[in-house]
Each structure stands twice: as C-alpha cells, then as structure tokens.
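Working notes for the structure below.
The structure presented is a predicted model; accordingly, all values stated were derived computationally and were not measured. The figures that follow rest on heavy atoms only: side chains count, while hydrogens, waters and symmetry mates do not.
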Amino acid sequence: MPERSRPVLPLWAASLAALAGGLILTLAFPALSWWPVVFVAVPLALVSLIGRRVWGAVLVGFLFGAGLFFVNLGFTARYLGPIPWIALSALEAALTAAAAVPIALAYRWMPRFAPKTWGRLVALPALVASLWVAREELLGTFPYGGFPWARVAVTQASSPLAEVTSWTGMSGLSFLIVAACAAGIEWVRLGQLRRVWALAPTVGLLVLLFAVPQFPTTDAGSLRVGAVQGNGPAGYFDEREAYDVFRAQVEATEPIVDAGVDVLLWPEGSVDADPTTNASVANALDDLSERIEAPLLIGAVTARGDQYFNSSLLWSGDDEENPVRTYDKRHPVPFGEYVPNRDFFMLLAPDLIGLIQREFTPGTAAPFFDVDGVGIGLAICFDVIYDDVIREGAQAGAEVFMFQTNNADFRGTDENLQQLAFARMRAIETGRAVVNLSTVGTSQVIDADGSTLDALPADAPGAMVTDVPLRTGLTPAVVAGEAVQSILGWGSVTALAALGVLVRRGVRTPKTPAPEPGGQGAGVDSAA
C-alpha cells in the first residue's frame, strides 16, 4: 500500500489557514460582497485538509466553520442575545467539521487510485468539489430541515459568475468554483508550474464561470405591481397595539391607491390579525381591493382548527369566498416559528423557549398563485433559501416571483441584505423577475438578469409601482437542478465509498511518481 499523502501544512498552520479561510469567506457575503475572495477562502480551506487524518480534519473543518458562521450569523443575536447565535453557529461549525472528513479522505484516496497527472488535475478536484456541495446539502437539510444560508454560490449574487446559476443551479455554481480552486491547488502540488498545458482544467473552469451567458427565457409582457413597505412595528419585541402593523400598511398604500395596479403586494405578517376569522379586517381588505380595483396578495397568520400557519393570501373584493387562494410557508423557522423537541429544549433554555408560544405547521400547497391569468411564484421569508420551493413555483408556471418577508427582528444587521442576495440569485436562476418585499426593508424589484428595477429605502414606509417584466420558459437549473444536486451530493458520497473500498483492496492504476513540494513543512499530522 503506498504511503498516504503527507499534509501540505503542519496542523498548527492548517488550523490558522482554515480559520482564515472561514473569516475571509464572510467578506464575500453582503454587506461587503467582495465576491472574488472566494478564490482565496476556498483554497485555504482545502489546503488545510490535504493529508489530514480524521481528527485533524475535524479540527480544521470546525475552525473553518467557526470562522464562517460565528461572523456570518451574528445577526441572530440582535434581539435574543448570544445563546441562539452561539448555538446555531456552533452547530453549523460542528456539521462542517464532520463533513470535512470525506474531503480529507478524497485527498488521501484519489491519488492512490488515480495517481497520474490527469487524475490529480481532473478526477480529484471533481470529487473534492462534489463533496463540498454534499456538505452544503447536509447543512441545508439537517437537522430540522437544515439551514442552507452560507452557500458559496450565494456570494456571487453581484458577480458575473451568477449567470452560470441559470444552467446549473446554485449547487452547480458552488461545484464549479470549488473545482477550479482544487484544480489550481493540484497544479501547484504536482510541480507543474512550467507546464502551461497542465493549467487547462483550472483555466477551463474559470472560462466557463466567467464566459457562459445566462440562459434566455421568453418575454411575456408585464404586470403592474404595487408593493408596499409599511415599516410598522412588526418585530417580535416591538411595542404595538392591536392592528398597528395593518394600519401602517394601509397608510403606506394610500399614495398608490389610484395608480392602476394589476395586483397589490404586502409583505409577510402585514396583517396582524387573521382575516379568515376577523370580520372587520376582512371587510377592510374587501374595501381596499375594491378601491384599487385589483386583488391583494397579503401575509397573515391563519388558524385552521388547532393548527397555525404563516400564510400568503390572495384577496379580491370581487369574490365572496375570500381568500381566493392560500399558500402556507413550507419551511417554518425552527426555534423561531416552532420548537422541535420542545420538552427537551425547555430544560436547557426555558426563558427563550417560552417566548415561542405558537407552533407553526409547514404548508403543503404549491407555492404558486394564478392571478388573473398571470402565474406568480411565491416564497415566504425563510422559504427563499430552499431550492425545492423556488423550483416548484417555476415548474407550476410562474412568470414572476413575489417574495414576502419580515426582517423587523434584524434591523441594523446584514440579514436583510444576505436574504436579498438569495432573491437576486433566484431571479437569475429561474430567469424571472422577483419582487422582494419586506415589512421594513430591504425591498426591491429585481429583473431576471439580477439588476435592480426599483427599490425602497430600509426602515421607512414607502410604496413602489413597477411594471414588472413577465417571462416564460424553464431554465436548465429549474429542469435539472434537483438531478444536479443528487448527482453531486449523493453521487460524491457513493463514489468516495467505492473509492475507499477499491483503495483498501489495492485496486489502483499504475503509479506515476509526482513530487510533493514543501517537504520540510509537511510533517506528521501528530494531533490526528
């Protein structure tokens, strides 16, 4: 059996590199949005794993995750203090640590199985990048539905690389970025600095990332949308009286009542009463719809039996059976809108858990409304970070997306801008315009190419009236995005398992020796 690959960095240096990689990656997210730094952060994270044994990989993986999540998720401490922030960040870092082990194993096993130059420059980077995507999928699905917030692809919302998302989806973009970084690392490790041809995999991936244009969708006219940001007291700890949020929305709507809109959009939680059971609120919505001569798309908490839902409601003054249609949030926020395993967590933090008295039930309806013949795709706040919700809306026939959110609990943080980056990526990914509307901001109308068509300032009431472009036709990301995720995620895990079996059985291709640079610094991973 060949000697295992030695670490490029001793453990102490790898630990510093991993931590630096996580911290540098935070700079790529809003508000700074320095997207090129991913090509520094990702290599630092990967180099720290080369040659590591299991516990060494766990350590450097945790440090990378800690640097990324403790900074990037700082907004979670805005109102509830350090406990939720520490708990969520530590959990995400721990999962990142566990998922670092397969990447370290890929670096150990693939050179044994395919030691020749092209195995190192193509097969190894492809496996490493796929396992990186598998890690993003793990964090995005586990536990309690996951938290797919800090994906590498999202850092590119304002970059020229974002257009690739229309072909590959966000998982595919993450794969291509990491693969380019991993191929560049192998070019250096193999001592091929004078052989320009050996740069072909890296250069080819970079050309693909920067040169591929957005997949075209088809113009289908426009929809005149009135979008109202009421800036009411919609935060969890805001002082307010009954109906204050509703009143703020109505007041902010008044300037556009006669604007001739086709639909009036309000954000998540814009009606702080259940209009399906509150007759006075229902009558007020009927009157408003009749005044503007258009249907309303509003947000409210609704109750059906003993279950509560965070709902998007289509309301029309011309219809006696309101709401005309209902969509319930697919992914309620764990520990925000419901408490999983409540009895257990009550023992750990009774004061915090006691604040969450209502348990929201996940919805099952399609995230799609037909509004006078126009297909509208939907997402409520947290929904926007989940690929399945967006894909299903587009496949149902959405010609435009309307995202309703409430960022009031995160005023003064970057949370609203990070969520807006997801909205921008969804526009490019689906080839559809997006109306991203918050109770307090940031609210924008985003065109299918990611450009901003209209906007409202944060933390101020206001209303937009925008002729929003409609588009038809499905992008490859919508059609094949789920398959891409499965191939990269489960496929990489399966491939790694098979590779491990083959290597342990001594099945490998004839070895071509390749130099390992940096022999003096490539010591034994003693802490592993």
Side-chain angles (χ1 to χ4, degrees), residues 4-29 32 34-73 89-90 92-111 120-121 124-125 127-129 131-136 139 150-152 155 174-175 177-191 193 202 515-528:
R4 73 180 180 90
S5 176
R6 293 178 298 172
V8 171
L9 300 173
L11 188 59
W12 67 267
S15 299
L16 292 177
L19 180 60
L23 292 172
I24 291 171
L25 188 55
T26 66
L27 303 177
F29 291 89
L32 293 177
W34 294 351
W35 60 267
V37 302
V38 297
F39 295 102
V40 177
V42 171
L44 284 172
L46 295 179
V47 167
S48 69
L49 289 170
I50 296 174
R52 299 265 84 86
R53 290 186 176 178
V54 170
W55 289 111
V58 168
L59 174 61
V60 297
F62 182 84
L63 290 172
F64 171 74
L68 172 59
F69 289 104
F70 274 91
V71 174
N72 206 39
L73 302 182
S89 300
E92 297 299 290
L95 292 173
T96 301
V101 175
I103 297 176
L105 292 176
Y107 274 116
R108 183 188 305 178
W109 292 341
M110 183 59 82
R120 295 282 296 275
L121 292 175
L124 178 57
L127 180 58
V128 167
L131 289 168
W132 185 294
V133 173
R135 178 167 68 184
E136 292 187 342
L139 270 63
R151 299 163 76 174
V152 167
T155 66
S174 290
F175 168 82
I177 291 171
V178 177
C181 293
I185 291 170
E186 292 309 298
W187 177 67
V188 175
R189 290 182 69 210
L190 284 168
L193 299 181
T202 304
E516 283 277 0
Q520 293 181 351
V524 176
D525 192 4
S526 57

* Asked: So do the side chains of Leu131 and Leu105 get within less than 4.5 Å of each other, counting heavy atoms only?
  -> no
* Asked: Would you call Val42 and Trp132 a side-chain contact if the rule is heavy atoms closer than 4.5 Å?
  -> yes
* Asked: Once you round to the nearest 0.5 Å, how far does OG1 of Thr26 lie from CZ of Phe70?
  -> 13.5 Å
* Which pair of heavy atoms, one from Arg52 and one from Pro10, lies closest together, and at what distance? -> NH2-C, 3.9 Å
* **From CA spacing to verdict: side chain to side chain contact (heavy atoms under 4.5 Å, CB included), Tyr107, Glu186** => CA-CA 10 Å; Tyr107 274 116; Glu186 292 309 298; 3.6 Å; yes
* Structure fact -> In short, Gly51 meets Pro7 closest at the heavy-atom pair O-CG, 3.6 Å
* If you look at every heavy atom in Ala100 and Gly61, which pair is closest and at what distance? -> CB-CA, 3.8 Å
* To do: Hey, could you give me the CG/CZ distance between Leu124 and Arg189, rounded to the nearest 0.5 Å?
  => 7.5 Å
* Atom pair CZ (Phe62) and CG (Leu95), whose distance is rounded to the nearest 0.5 Å -> 10.5 Å
* Shortest non-hydrogen contact from Thr202 toward Gly184 -> OG1-N, 3.1 Å
* Tell me, with the steps shown, if Phe29 and Val71 meet side chain to side chain contact (heavy atoms under 4.5 Å, CB included). => CA-CA 11 Å; Phe29 291 89; Val71 174; over 6 Å; no
* Asked: Thr155 versus Val37: any side-chain heavy-atom pair under 4.5 Å?
  -> no
* **Approximate separation, where rounding is to 0.5 Å, of Thr96 OG1 and Phe69 CZ** => 4.5 Å
* Asked: What distance separates Leu44 CG from Leu19 CG, expressed to the nearest 0.5 Å?
  -> 10.5 Å
* To do: Measure the CZ-CD1 distance between Arg108 and Ile103 for me, rounded to the nearest 0.5 Å.
  => 14.0 Å
* Are Val60 and Leu11 side-chain neighbours, meaning at least one heavy-atom pair lies under 4.5 Å? -> yes
* Step-by-step side chain to side chain contact (heavy atoms under 4.5 Å, CB included) determination, Ile185 to Val8 -> CA-CA 11 Å; Ile185 291 170; Val8 171; over 6 Å; no
